[in-house]
Amino acid sequence: MRGFFIGRFQPYHMGHHEVVKNIINQVDELIIGIGSAQESHDLENPFTAGERILMISCAIDELEIKKKVYIIPLEDIYRNSLWVSHVCSMVPPFDVVFSNNPLVARLFSEAGKKIINTKMFNREEYQGTEIRRRMLENEEWESLVPKSVSRIIKEIDGIRRIRDIAGRDDNNEKDEGIIIGSKADVKPFMNRNE
Ligand code: ATP
Ligand code: MG
């Protein structure tokens, strides 16, 4: 059985990691879709698809599992009614979708896919929005992500990037206005209902 799990992974954190560990116990192969793959360098989506692939791939290596995991970037198409076809055209065939996102579940079940609901783990802390906030505010964030993810974020100077795009280094104030090409007004659907 091949399973599918999707997220934006900005960044990949311990909550995602717990879900992935659980899924791996239930499938022969896992496909991880990286949503909003085209986004990067803004406060909601600081990391590129390539950086997110690296984070997930290294974190999964830490698990030392033998099962095959495909990590596939998926760009937004801004048309929910066609989204399942878009996803299916980009990833290997799969039998079951693992998700706790109501829209993801709705769209895949309309397309006849089996859905297995995933549990939330320590959602107060294991949350991309909270981790990005801590990075920006210079608070402790490393315990909320797998070790390899914090190593990669340091390697790519990710904290400096987040502070730069927030304008913090110059004026110590959040200045949303300087974000170039931000799509903050066009919320990718992965963000809703969570
Ligand atoms: P953001 O705050 O940026 O939306 P996020 O933590 O919700 O980040 P996503 O990449 O949006 O992360 O989530 C991908 C999938 O993982 C979603 O279905 C989401 O519900 C799930 N997920 C996120 N955090 C957890 C968690 N702590 N435990 C279990 N599942 C989680
Ligand atoms: Mg989310």
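All ligand and atom numbering here is 1-based and tracks the order in the structure. Below, each value reflects all heavy atoms present in this structure, side chains not excepted, and no hydrogens, waters or symmetry copies.
If you look at Gln10 next to ligand 1, there are no close heavy atoms at all, none under 4.0 Å. With a 4.0 Å cut-off on non-hydrogen atoms, His16 touches ligand 1 through its side chain and not its backbone.
At under 3.5 Å, not a single nitrogen or oxygen of Glu44, backbone or side chain, sits near a nitrogen or oxygen of ligand 1. Considering backbone and side-chain atoms together, Arg132 places an N or O closer than 3.5 Å to an N or O of ligand 1. When only interatomic distances are considered, the shortest N/O to N/O separation between Asn101 and ligand 1 does not fall below 3.5 Å. Here's the thing with Phe9: one of its N/O atoms is less than 3.5 angstrom from an N/O atom of ligand 1. Backbone and side-chain nitrogen or oxygen atoms of His13 are examined, and one is located within less than 3.5 angstrom of a nitrogen or oxygen of ligand 1.
Aromatic ring pairs are classed by plane angle as parallel below 30°, tilted from 30° to 60° and perpendicular above 60°; the pair Phe9 and Tyr12 is tilted. The aromatic rings of Phe108 and Trp83 sit perpendicular, their planes meeting at an angle over 60°, well past the 30° parallel limit.
Applying the 4.0 Å criterion to heavy atoms of Phe121 picks out, from ligand 1, the atoms 26 (C), 27 (N), 28 (N), 29 (C). Within the listing of ligand 1, atoms 24 (N), 25 (C), 26 (C), 27 (N) sit less than 4.0 angstrom from a heavy atom of Tyr126. When each atom of ligand 1 is checked for a heavy atom of Ile6 under 4.0 Å away, the hits are 14 (C), 15 (C). Heavy-atom proximity to Gly7, at under 4.0 Å, picks out these atoms of ligand 1: 10 (O), 14 (C). Of all the atoms in ligand 1, the ones that sit under 4.0 Å from a non-hydrogen atom of Gln127 are 2 (O), 6 (O). Atoms of ligand 1 lying under 4.0 Å from any heavy atom of Thr129, numbered from 1 in the order shown and given with element: 1 (P), 2 (O), 3 (O). Interface of Val19 with ligand 1, defined as ligand atoms under 4.0 Å from a residue heavy atom, comprises 29 (C), 30 (N). Under a 4.0 Å criterion applied to the non-hydrogen atoms of Phe5, ligand 1 contributes the atoms 15 (C), 16 (O).
The backbone N or O of Ser143 lies less than 3.5 Å from a partner atom in the side chain of Glu140, making a donor-acceptor pair. At distances below 3.5 Å, not a single donor-acceptor pair connects side-chain atoms of His16 with backbone N or O atoms of Ile56.
The shortest heavy-atom contact between Met14 and Pro146 is SD-N, 3.4 Å.
Between Glu155 and Arg151 a salt bridge is recorded (basic side-chain N to carboxylate O distance below 4.0 Å). A salt bridge links Glu29 and Arg2; the closest N-O separation between the charged side-chain nitrogens and carboxylate oxygens is under 4.0 Å.
Of the candidates Ile72, Leu74, Ile32, Ile6 forms a side-chain contact (heavy atoms from CB on, under 4.5 Å) with just one, namely Leu74.
Looking at Asp76 and Ser36, their side chains do bring a donor and an acceptor atom within 3.5 Å of each other.
Taking 4.5 Å as the limit, some side-chain heavy atom of Phe47 sits within range of a side-chain heavy atom of Ile153.
Distances from atom 23 (C) of ligand 1 to the heavy atoms of Arg123, Met120, Glu130 put Arg123 nearest.
Distances from ligand 1 to the non-hydrogen atoms of Glu125 include no value under 4.0 Å. The shortest heavy-atom distance from Asn100 to ligand 1 is under 4.0 Å.
Atom NZ of Lys67 sits in a crowded spot, with more than 12 heavy atoms from other residues, nucleotides or ligands closer than 6.0 Å.
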